[in-house]
A.B. asks: 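Sharing a structure below in C-alpha cells format, with a few things to ask.
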Amino acid sequence: MNDIAVKKVFLFNEKVSLREFNKEDWMAVHQYASQDQVCQYQPWGPNSEEDSKGFIQEVLANAEQYPRTRHTLAIEFSGKLVGAGELAIDDISNRVGEMGYVVNPDYWGQGIATEAAQLLIKFGFQELELHRIFATCDPRNIGSAKVLEKVGMTKEGRLREHKLIRDGWRDSFLYSILEHEWKKSNE
Ligand SMILES: CC(C)(COP(=O)(O)OP(=O)(O)OC[C@H]1O[C@@H](n2cnc3c(N)ncnc32)[C@H](O)[C@@H]1OP(=O)(O)O)[C@@H](O)C(=O)NCCC(=O)NCCS
C-alpha cells in the first residue's frame, strides 16, 4: 500500500489536540451527538447508537482513501475526546476546503472550538496547500459564527435555504479565509 495513503494526522497546540478517530471512540461521540442541543442546527442527529457507530465507520473508511479528501479528527482536551473537527477538500483543482466542528456541551465556552478551528486552518494551508477554506453556519448559531470570526474568517453573505434540517429549510452564513490572508496574520 502507498505510504501516503496511511499517513496519520496529529495536530496540537497548548490547549487541544486533534487526532485520528479509532473504533472505540463511538461512545464518546455518542455522548454528544445524541443530544438535541448539539444537532439543533445540523442536518444530522440526534444520533442513535447505530448512527454514532456508522459515523466512526465512515470516518475510518475516509481516512484510508487516497487521495484523502476528508480529514475528520477527534478533538482531545485534558486527555478526553470532547468533539470532532473536519477539513474536507471540496474542490481539488481550485484548492478549496470546507471546515466544520462540534464540541460536547460539557465543554462549551472554553475556547475549544476556536483552538480546533485554528489548527484545522493551519493544516489546510500548510499541509494540504489549500487556497480557500470556507465554513457555513446557521444564522441562529451564534457560538459557531463567533468561532469563525475569531479565527479570522470573513463573512461573505447568506445562502438562502441552504440545508434541510428537521424543522425545514435553513439559511446559512458563508464564511471564508484565503491562503494569503492567513499567511499575513501569521507572519
Ligand atoms: C458552536 C460550538 C462548536 C462552539 O464550541 P465552543 O468550544 O463552545 O466554542 P468557543 O468556546 O471557542 O467559543 C467561541 C465564542 O463563542 C461564544 N459562544 C459559544 N457558544 C455560544 C452560544 N451558544 N451563544 C453565544 N455565544 C456563544 C463563546 O463564549 C466564545 O466567545 P468569547 O470568546 O467572546 O467568549 C459548540 O457550541 C457546538 O458544538 N455546537 C453544536 C454543533 C455546531 O453547531 N457546530 C458548528 C456547526 S456550523
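Residue numbers count from 1 along this sequence. Just follow the structure's listing: the first ligand is 1, and inside any ligand the first atom is 1.
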A.B. asks: Within the 4.0 Å heavy-atom shell around T136, which atoms of ligand 1 are there?
C.D. replies: 48 (S)
A.B. asks: How far is atom 18 (N) of ligand 1 from the closest protein heavy atom, and which atom is that?
C.D. replies: G143 CA, 3.6 Å
A.B. asks: Run the salt-bridge test on E179 and K183 with the 4.0 Å N-O cut-off and return the result as yes or no.
C.D. replies: yes
A.B. asks: Between the side chains of N13 and Q118, does any donor sit under 3.5 Å from an acceptor?
C.D. replies: no
A.B. asks: Which ligand 1 atoms, with their elements, are less than 4.0 angstrom from a heavy-atom of K150?
C.D. replies: 32 (P), 33 (O)
A.B. asks: With heavy atoms of G111 as the reference, note each atom of ligand 1 found under 4.0 Å away.
C.D. replies: 10 (P), 11 (O), 12 (O)
A.B. asks: Do R68 and V9 have side chains that get closer than 4.5 Å, going by heavy atoms?
C.D. replies: yes
A.B. asks: Could you find the nearest protein heavy atom to atom 7 (O) of ligand 1 and give me its residue, atom name and distance?
C.D. replies: A113 N, 3.0 Å
A.B. asks: Output yes when a protein non-hydrogen atom is found under 4.0 Å of atom 35 (O) of ligand 1, and no otherwise.
C.D. replies: no
A.B. asks: Would L18 and Y101 count as a side chain to side chain contact (heavy atoms under 4.5 Å, CB included) if you check the C-alpha gap in whole Å, the side-chain angles of each, and the deciding distance to 0.1 Å?
C.D. replies: CA-CA 11 Å; L18 270 65; Y101 40 73; over 6 Å; no
A.B. asks: Would you say ligand 1 has an N or O under 3.5 Å from any N or O of V102?
C.D. replies: no
A.B. asks: Could D25 and R19 be called an ion pair, given the rule that one side-chain N must be under 4.0 Å from one carboxylate O?
C.D. replies: yes
A.B. asks: Less than 4.0 angstrom from a charged side-chain N to a carboxylate O is my criterion; do E129 and R95 meet it?
C.D. replies: no
A.B. asks: Quick one: OG on S176 to CD on E98, what's the gap to the nearest 0.5 Å?
C.D. replies: 12.0 Å
A.B. asks: Say whether C137, considering both its backbone and side-chain N or O atoms, lies within less than 3.5 Å of an N or O atom on ligand 1.
C.D. replies: no
A.B. asks: What residue and atom, counting heavy atoms only, is the protein's closest point to atom 42 (C) of ligand 1, and at what distance?
C.D. replies: V38 O, 3.5 Å
A.B. asks: Where the side chain of D138 meets the backbone of S172, is there a donor-acceptor pair that is under 3.5 Å apart?
C.D. replies: no
A.B. asks: Is a donor on one side and an acceptor on the other found under 3.5 Å between the side chain of W108 and the backbone of V103?
C.D. replies: yes
A.B. asks: Considering only protein heavy atoms, which is closest to atom 8 (O) of ligand 1, and at what distance to one decimal place?
C.D. replies: G109 N, 2.7 Å
A.B. asks: Please confirm whether T114 comes within less than 3.5 Å of ligand 1 when only nitrogen or oxygen atoms on both sides are compared.
C.D. replies: yes
A.B. asks: Within this structure, what is the CD-CZ distance for the pair E156 and R132, rounded to the nearest 0.5 Å?
C.D. replies: 4.0 Å
A.B. asks: Return the CE to SG distance between M153 and C137, rounded to the nearest 0.5 Å.
C.D. replies: 10.5 Å
A.B. asks: Taking all non-hydrogen atoms of both residues into account, name the closest pair between F21 and L73 and its distance.
C.D. replies: CE1-C, 3.4 Å
A.B. asks: Taking 4.0 Å as the limit for heavy-atom contacts, which would you say applies to N141 with ligand 1: side chain only, backbone only, both, or neither?
C.D. replies: side chain
A.B. asks: Under 3.5 Å between any N/O of Q37 and any N/O of ligand 1: does that happen in this structure?
C.D. replies: no
A.B. asks: Counting non-hydrogen protein atoms only, what is the nearest one to atom 38 (C) of ligand 1? Give residue, atom name and distance.
C.D. replies: W108 NE1, 3.4 Å
A.B. asks: Check each heavy atom of Q42 against ligand 1 and say whether those closer than 4.0 Å belong to the side chain, the backbone, both or neither.
C.D. replies: side chain
A.B. asks: Name the closest protein heavy atom to atom 39 (O) of ligand 1, giving the residue it belongs to and the distance to 0.1 Å.
C.D. replies: V103 N, 2.8 Å
A.B. asks: Which residue in the set L81, D106, N47 passes side-chain contact (heavy atoms from CB on, under 4.5 Å) when paired with Y32?
C.D. replies: L81
A.B. asks: Would you kindly specify which portion of D138 sits under 4.0 Å from ligand 1, judged on non-hydrogen atoms: side chain, backbone, both or neither?
C.D. replies: neither
A.B. asks: As a check for students: among E115, K146, Q35, identify the option with a heavy atom nearest to atom 31 (O) of ligand 1.
C.D. replies: K146
A.B. asks: Salt bridge or not for E64 and K8, using N-O below 4.0 Å?
C.D. replies: yes
A.B. asks: Among all protein heavy atoms, pick the one closest to atom 1 (C) of ligand 1 and tell me residue, atom and distance.
C.D. replies: S144 N, 3.6 Å
A.B. asks: Please determine if I142 has a nitrogen or oxygen closer than 3.5 Å to a nitrogen or oxygen of ligand 1.
C.D. replies: no
A.B. asks: Please tell me if atom 28 (C) of ligand 1 is touched by the protein, where touching means a protein heavy-atom distance below 4.0 Å.
C.D. replies: no
A.B. asks: Answer side chain, backbone, both or neither: which part of Y101 comes under 4.0 Å from ligand 1, heavy atoms only.
C.D. replies: both
A.B. asks: Can you find an N/O atom of Q110 closer than 3.5 Å to an N/O atom of ligand 1?
C.D. replies: yes
